[in-house]
Amino acid sequence: MVENQIKNTMDQMEESMQELTRDLTEAQIEAVTTTSGPLLVLAGPGSGKTTVVTRRIAWLLAQGIPSWQLLALTFTNKAAGEMRDRVQSLLSETGQDQRGLTIMTFHGFCARLLRQHAEDANVSPNFTIYDTTDRRAALKQAVRNAGLDSSNWTPASVGEAISNCKNQLMTAETHDSGSGDFYTRSIGRVYKEYQTILTRNDAVDFDDLLLKVALMLRDNEAVRTSLQERFQYLMIDEYQDTNQAQFVIASALVGPQRNICVVGDPDQSIYGWRGADITNILDFEDQFQSAKVVSLGRNFRSTGHIVDASANLIQRNTSHRERTLHTELGEGEKVAVAGSVDEHEEAQEIVHGFRQRFIEGTPWREMAVLYRINSMSRVLEQKFRDAQIPYVVARGTAFYERAEIKDALSYLRMVVNPRDDVAMRRVINTPPRGIGKTSLDRLEKHAILNRLGLGEALDQVEEVPSLTARARTSMKRFIEMVARWRFDADGGSLVLDLPDFVSKVIKESGLEKAFRTSSSEEDIARLENLDELVTAAAEWTPPSEDESEEAEPLTILQQIAAWLESIALVSDADMVDPENGTVTLMSLHAAKGLEFDVVAIAGLEQGLLPHSRALEDDVEREEERRLFYVGMTRARRILRLSYAHRRTVRGITERTMASQFLDELPAESMDRQDTTDPWGSTGVKGVSVADWQVGATVRHPTFGLGMIRRVVPRPRGTTATIEFVEYGHRTLLVAQANLEIVSPDEHPWEGIDIPI
DNA sequence: CTTTCGCGAATTTTT
DNA sequence: TTCGCGAAAG
């Protein structure tokens, strides 16, 4: 009986194992079924990477590996979610479920480890994760504390330097600030100040999540071994985007059995600026001796011209390793290239094209516009709105960056972490409650004098003699308010759920009232945003803790903490909902890992793509090329590239030059619609552009009558080479030459035969 | 203490 | 164009 059952289970397993590899290519099967030892899967765009990773997980489970021994790390929540979903659907066929699997983002995983091993990692277990804005505030403070001039030491530049240090596992203590030049010494000082602030506030930044875990794993053998024993099988997605710290973490997690599988594509490495080290993937075979390498060579996503064009482009990179990718989806449409007068026309034409595709049967959700910088979304949004085409801008983090949302969240942060000074500073007088700069300065002086955090100083307002009675009362009221919230949240008198609690805080803090009193357009929007925050809290579900089956229900306080953490770790790409029936607008970076039937990439101009900050440097320009490559390869069937001859950035209109990358695409795969008419369809100075063509007759104030021979777009402006009747060839700037189109009636060429 | 105004600087990409 | 900061007014 029992034996029979076992046999049945075995049969079932065998069956599902066959099922798991049935429709795969040979390379894919190898990647799925190689379960022990180091494995590098080189996965070009559209090569079925997610399929391989999810099948591999299911395969391991089918082999009888307990789910809790598996760890899969990704970069975005979206990628993790998708992986979970696909694994789940594979497993549900055999009645299993994915409980116990750890599929997380790198940062999320690190945050969890840090809380679990807070003591070993030397952090408070209820630390706050600082986002870009908080970090900025802390950096500014640090520069001030270091006694440096804030105009020379901007948060951005200092932050980047510190980030680099952290990525290379250099702590504030190990930073070599004794020797080195003035710059290095100064950075060292700011770094120390910055870290002091973070520590005092029980806060960590994004880099710390990785750094602290890396150091803990490196230095603490007990923790390291226990994790190695727990996670026998490690998988890392988008390995080309890992940095030094992540490499150390990955290496430390790999136990003696060396079951590490990394998946990635060096040609899609686009986060070098964030410290990603492409050599991690390039040198994988050296780091993990006897590693097996599987290269997935078939592109299941895009049609021929798209594959060829992108392959041709990426070959220009010296970092590119020779590799062939082929598709069996046929040639498909050629890659279209269009030039427009300005960004408005460019956007308009994209909208037109999309509408056409929609009429032909492509749903809106299968279309996307990609661009290099987020500010380019503005014009596009406007045109899509005007055309009444549904669209979403994939900018998930934007909502949480709004002032009113940050305010509300800062109150919640104070509830969770009373030492969070950055949050406190933000809201102690928002909305105004009579605690101005002077009072805050006095409080701060007291704090410094007594070596206290600002929050601690606040707790003893009575001991600060310099404060006015008025300010003191306000402060006391403020402390009491927060303390009451904390009491309630921590299992206090009343029982509320998370959204109710959030709503309560928004009300009692006075935030709501501050916006309710006025009825300006803006304040109404803010109010709506706050409502949306409550909705978001209602929709949020706590991550299922895999460890204990019958986990106790979380207290409100714990829920808030977990919710805040999930907010801190959202990314733009997370907001792309494949279910929604809308066009997607997003940055090229956010598009990685996604695919659409129809893709338009806008702004193919020198200085934009490649970006001006990357023009000088070869290495950076190659990253721009990879970025363009990533964008191109998002398209399944239709790819349209465009640029504008003139673009307004930050209020100033400038003439542009088409991107050098366009010239790096193979002519046979391209459909260039931009060669004839550099002025697009609207023209300049009221003259119809159709007239500005080779062969048109013009009159110049000094040179008299002539015929246009050539029209060339140049960085300084479009030039026309004109054959004048009396003066011969002249090349002039069209915009300045004051040319006049002469109607065919007065045609001077009659009887005169000028060879063209 | 709060609000408003004007000036200057700046945005590449994001966990 | 938009944001953020400091100064000046209320």
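The basis for the numbers below is simple: all heavy atoms, side chains too, and nothing from hydrogens, waters or symmetry mates. Because the structure is a prediction, the values reported are computed rather than measured. The chains referred to below are lettered A, B, ... by the order of the sequence lines, with proteins before strands, and numbering in each begins at 1.
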Distance below 4.0 Å between Thr132(A) side-chain N/O and dT14(B) OP1 or OP2: no

In whole angstrom, what separates Ile129(A)'s CD1 from dT14(B)'s P? 19 Å

Can you find a side chain N or O atom of Asn374(A) that sits less than 4.0 Å from OP1 or OP2 on dT13(B)? yes

Option from Lys140(A), Arg425(A), Lys406(A), Arg426(A) for which salt bridge (Lys or Arg N to Asp or Glu O under 4.0 Å) with Asp134(A) holds: Lys406(A)

Taking CZ in Arg385(A) as the centre, count heavy atoms belonging to other residues, nucleotides or ligands within less than 6.0 Å. Is the count above 12? yes

Taking NZ from Lys78(A) and C1' from dT14(B), how many angstroms apart are they, rounded to a whole number? 17 Å

What is the distance, rounded to the nearest whole Å, between atom CD1 of Ile601(A) and atom C1' of dT13(B)? 15 Å

Arg442(A) atom CZ is separated from dC1(B) atom C1', nearest whole Å, by 12 Å

Between Ile373(A) (CD1) and dA10(B) (C1'), how many Å, whole number? 12 Å

Nearest-Å distance, CD (Glu401(A)) to C1' (dT13(B))? 13 Å

Does the side chain of Tyr400(A) pick up a donor-acceptor pair with the side chain of Asp131(A) at under 3.5 Å? no

Would you find more than 12 non-hydrogen atoms of other residues, nucleotides or ligands less than 6.0 Å from Arg433(A) atom CZ? yes

Look at all strands and tell whether Thr648(A) reaches a base, only sugar-phosphate, or nothing, counting heavy atoms closer than 4.0 Å. nothing

Using whole Å, report how far CG of Leu443(A) lies from C1' of dC1(B). 17 Å

With B for base contact, S for sugar-phosphate-only contact and - for none (protein heavy atoms under 4.0 Å), nucleotides 1-10 of chain C reads BS--S-----

I'd like to check, for Tyr271(A), whether its ring lies over the base of dT14(B) with centroids under 5.5 Å apart and a plane angle smaller than 30°. no

When you check the side-chain N and O atoms of Thr128(A) and Asn417(A), is any donor under 3.5 Å from an acceptor? yes

No-hydrogen, no-angle side-chain donor-acceptor test under 3.5 Å, Asn201(A) and Tyr130(A): yes

Any donor-acceptor pair under 3.5 Å linking the side-chain atoms of Gln168(A) with those of Asn243(A)? no

Have a look at Thr438(A) and say if it touches a base, only the backbone sugar-phosphate, or nothing, with a 4.0 Å heavy-atom cut-off. sugar-phosphate

Once you apply a heavy-atom cut-off of 4.0 Å, does Asn429(A) come out as touching a base, just sugar-phosphate, or nothing? sugar-phosphate

Check every strand shown and say whether Asp207(A) touches a base, only sugar-phosphate, or nothing at a heavy-atom separation below 4.0 Å. nothing

Side chain of Pro432(A) - closest among dT14(B), dT11(B), dT3(B): dT3(B)

Which part of the nucleic acid, if any, lies within contact of Phe75(A), taking any heavy atom under 4.0 Å across all strands shown: a base, the sugar-phosphate backbone alone, or nothing? sugar-phosphate

What is the distance, rounded to the nearest whole Å, between atom CZ of Arg470(A) and atom P of dC1(B)? 9 Å

If I pick the P atom on dT13(B) and the same atom on dG4(C), what distance separates them, to the nearest angstrom? 15 Å

